[in-house]
Amino acid sequence: MMTTSLNQRKQRTRRSMLFVPGANAAMVSNAFIYPADALMFDLEDSVALREKDAARRLVFHALQHPLYQEVETIVRVNALDSEYGLQDLNAVVRGGADIVRLPKTDTPQDVLDVEAEILCIERECGREPGSTGLLAAIESPLGITQATAIAFASPRLIGIALGAEDYVRNLRTERSAEGTELLFARCAILQAARAAGIQAFDTVYSDANNDAGFLHEAAHIKQLGFDGKSLINPRQIDLLHNLFAPTQQEVDHARLVIDAAEASAREGRGVVSLNGKMVDQPIIERARVVLARVALSGLREE
């Protein structure tokens, strides 16, 4: 398990969260080779009912492997009201997962119920109470209408995520290349996350062989303001990271903004100006984000 505190964890960069099917022994055993910002072991939809117990054991042992100690590990568990949910929570919390991803979160009570179970497990196994993060996946119209309340439900929440497949089915439609049917849900999740001061994550792009379609959707959610995206194919990691990387022009401007802010602070001036224009705090914060991204990803390759 990573040694960062929960508050530090909330600020981590998470452009990419790669799904790792929990029943796929080969992927579970070597997913650390992929450069995703977080690895997300899945015990829910990608695992057949007859494989649930075996997948849980595989993930439990993988979480304790030394090569997974320096990468952020997230586990999507089965719903608490299923016959597998509580067993999943026991295994992944005791195994040392950094974050538990709740599937199909419809109400704040769903978060609170899981939080209460996790706290009991932490106390029983000697793990620091409160150290296990939560990520709530919202996958229904009911969940979208409750997004803000869900986002504020627990201090353990590092973010909320959109799960599109169930959502569009409940809307009685299907996903399109334009994503028109998801615009309201995406905006609702993003607004809720920002109001609560947590991160927002987009759904997977399921056509793993369509790089152009993936990049089109990823550029759209980046422009909306999402922190990152769930992925199902390791090939998508570099594509996404490059998309989130800043251009040389953005980096040059960010450095000018930071230089102007530092000069203003040294001189005791309350107003920061650049080329005769006032620079306010949001612009300075945005410049810091740009410089942090270039340190992480390098410059964008066009």
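Without hydrogens or angle criteria, Asn90 side chain to Gln87 main chain gives no donor-acceptor distance under 3.5 Å. Listed for the Ser82 side chain is no donor-acceptor partner under 3.5 Å among the backbone atoms of Asn78. Under the 3.5 Å distance criterion, the side-chain polar atoms of Thr105 are matched with a main-chain donor or acceptor of Ala137. For the pair Arg235 (side chain) and Ala208 (backbone), a donor-acceptor distance under 3.5 Å is present. Between the side chain of Ser16 and the main chain of Ile237, no donor-acceptor pair closer than 3.5 Å is present. The closest donor-acceptor contact from the side chain of Thr203 to the backbone of Ala164 lies under 3.5 Å. The backbone N or O of His65 sits less than 3.5 Å from a side-chain atom of Gln69, completing a donor-acceptor pair. The main-chain N or O of Asp259 is never found under 3.5 Å from a side-chain atom of Arg255 such that the two would form a donor-acceptor pair.
Hydrophobic clustering (side-chain heavy atoms under 4.5 Å, transitive across Ile, Leu, Val, Met, Phe, Trp, Tyr) keeps Leu142 apart from Leu162. Note: the hydrophobic cluster containing Phe60 does not contain Leu58 (ILVMFWY, side chain heavy atoms under 4.5 Å, direct or indirect links). Following chains of ILVMFWY side-chain contacts shorter than 4.5 Å, one cannot reach Leu80 starting from Leu49, and the two form parts of different hydrophobic clusters. Residues Leu112 and Val77 fall into different hydrophobic clusters, defined by Ile, Leu, Val, Met, Phe, Trp and Tyr side chains chained together at heavy-atom separations under 4.5 Å. A continuous path of ILVMFWY side-chain contacts below 4.5 Å connects Tyr167 to Ile221, so both sit in one hydrophobic cluster.
Residues Asp42 and Ser46 have side chains that bring a donor and an acceptor to within less than 3.5 angstrom of each other. No side-chain donor-acceptor contact under 3.5 Å links Tyr84 and Asp53. Residues Glu181 and Ser176 bring a donor and an acceptor atom of their side chains to less than 3.5 Å of each other. Side-chain contact of Glu115 with Ser154: a donor-acceptor pair under 3.5 Å is present, judged by distance alone.
Ion pairing between a basic and an acidic side chain is recognised when a charged N comes within 4.0 Å of a carboxylate O; Arg101 and Glu44 show no such pairing. A salt bridge links Glu217 and Arg186; the closest N-O separation between the charged side-chain nitrogens and carboxylate oxygens is under 4.0 Å. With respect to the salt-bridge test (charged N to carboxylate O, under 4.0 angstrom), the residues Arg293 and Glu250 do not qualify. Note on Glu165 versus Arg175: salt bridge recorded, some NZ/NE/NH1/NH2 to OD/OE distance being below 4.0 Å. Contact check on Asp45 versus Lys104 returns a salt bridge, with a Lys/Arg side-chain nitrogen under 4.0 Å from an Asp/Glu carboxylate oxygen. Ion pairing between a basic and an acidic side chain is recognised when a charged N comes within 4.0 Å of a carboxylate O; Arg14 and Asp227 show no such pairing. Using a 4.0 Å cut-off between charged side-chain N and carboxylate O, Asp88 and Arg76 make no salt bridge.
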Can you check salt bridge (charged side-chain N to carboxylate O under 4.0 Å, His left out) on Glu83 and Lys52, steps first, answer last?
CA-CA 10 Å; Glu83 62 179 293; Lys52 293 288 189 184; over 6 Å; no
Give the intermediate values and the outcome of side-chain contact (heavy atoms from CB on, under 4.5 Å) for residues His241 and Leu296.
CA-CA 9 Å; His241 288 186; Leu296 192 65; over 6 Å; no
side-chain contact (heavy atoms from CB on, under 4.5 Å) assessment of Phe201 paired with Ile158
CA-CA 10 Å; Phe201 305 101; Ile158 60 95; 4.0 Å; yes
Applying side chain to side chain donor-acceptor pair (under 3.5 Å), run through Ser140 and Asp106 and close with a yes or a no.
CA-CA 7 Å; Ser140 70; Asp106 288 333; 2.5 Å; yes
Steps toward side-chain contact (heavy atoms from CB on, under 4.5 Å) verdict (Asn242, Leu240)
CA-CA 5 Å; Asn242 182 61; Leu240 186 66; over 6 Å; no
Taking it one step at a time, do Leu299 and Thr247 satisfy side-chain contact (heavy atoms from CB on, under 4.5 Å)?
CA-CA 6 Å; Leu299 291 171; Thr247 64; over 6 Å; no
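Within the 4.5 Å cutoff, the side chain of Leu224 has heavy atoms near those of the His220 side chain. By the 4.5 Å heavy-atom criterion applied to side chains, Leu239 and Leu215 are counted as neighbours. Inter-residue side-chain proximity for Ile74 and Leu39 is flagged as unmet; no heavy-atom pair is nearer than 4.5 Å. Counting heavy atoms from C-beta outward, Asp37 and Met17 have side chains that stay 4.5 Å or more apart. Under the 4.5 Å side-chain criterion, counting only non-hydrogen atoms from C-beta, Lys229 is in contact with Tyr205. Looking only at side-chain heavy atoms (C-beta outward), Val100 and Val75 stay at 4.5 Å or farther from each other. Looking at Val47 and Pro21, their side chains never come closer than 4.5 Å, going by heavy atoms from C-beta outward. Using a 4.5 Å heavy-atom threshold, the side chains of Val20 and Tyr34 count as separate.
When each of Leu291, Val290, Ile284 is checked for a side-chain contact (heavy atoms from CB on, under 4.5 Å) with Arg288, only Ile284 meets the rule. The side-chain contact (heavy atoms from CB on, under 4.5 Å) test with Val92 singles out one residue from Leu63, Ile99, Thr73, and that residue is Leu63.
Nearest heavy atom pair, residue Pro141 against residue Leu171, reads CG-CD2, 4.1 Å. The shortest heavy-atom contact between Pro246 and Gly298 is CD-O, 3.8 Å. Between Ile138 and Ile144, the closest heavy-atom pair is CG2-N, 3.5 Å. Shortest non-hydrogen contact noted between Ser273 and Ala260 is O-CB, 3.7 Å. Nearest heavy atoms, Ala200 versus Leu190: CB-CD1, 3.8 Å. Gln146 approaches Pro108 most closely through the heavy-atom pair OE1-CD, 3.5 Å.
Atom CD of Gln249 sits in a sparse spot, with 12 or fewer heavy atoms from other residues, nucleotides or ligands closer than 6.0 Å. At most 12 non-hydrogen atoms from other residues, nucleotides or ligands lie less than 6.0 angstrom from CZ of Arg50. Enclosure of atom CG in Asp280 by more than 12 non-hydrogen atoms of other residues, nucleotides or ligands within 6.0 angstrom is indicated. Counted within 6.0 Å of CD on Gln223, heavy atoms from surrounding residues, nucleotides or ligands total 12 or fewer; the atom is thus considered open. Counting heavy atoms of neighbouring residues, nucleotides and ligands inside a 6.0 Å radius, atom CD of Glu122 exceeds 12 of them.
Relative orientation of the Tyr68 and Phe32 rings is perpendicular, given thresholds of 30° and 60° on the angle between their planes.
The CZ atom of Arg94 sits 11.5 Å away from the CD atom of Gln64 when rounded to the nearest 0.5 Å. For the atom pair Leu43 CG and Leu89 CG, the distance stands at 10.0 Å (nearest 0.5 Å). Atom CG of Asn233 is separated from atom CG of Leu18 by 8.0 Å, given to the nearest 0.5 angstrom. In this structure, the separation between CG on Asn275 and NE2 on His253 is 8.5 Å, given to the nearest 0.5 Å. One distance of note links CG of Asn210 with NE2 of His216; it measures 10.5 Å at 0.5 Å rounding.
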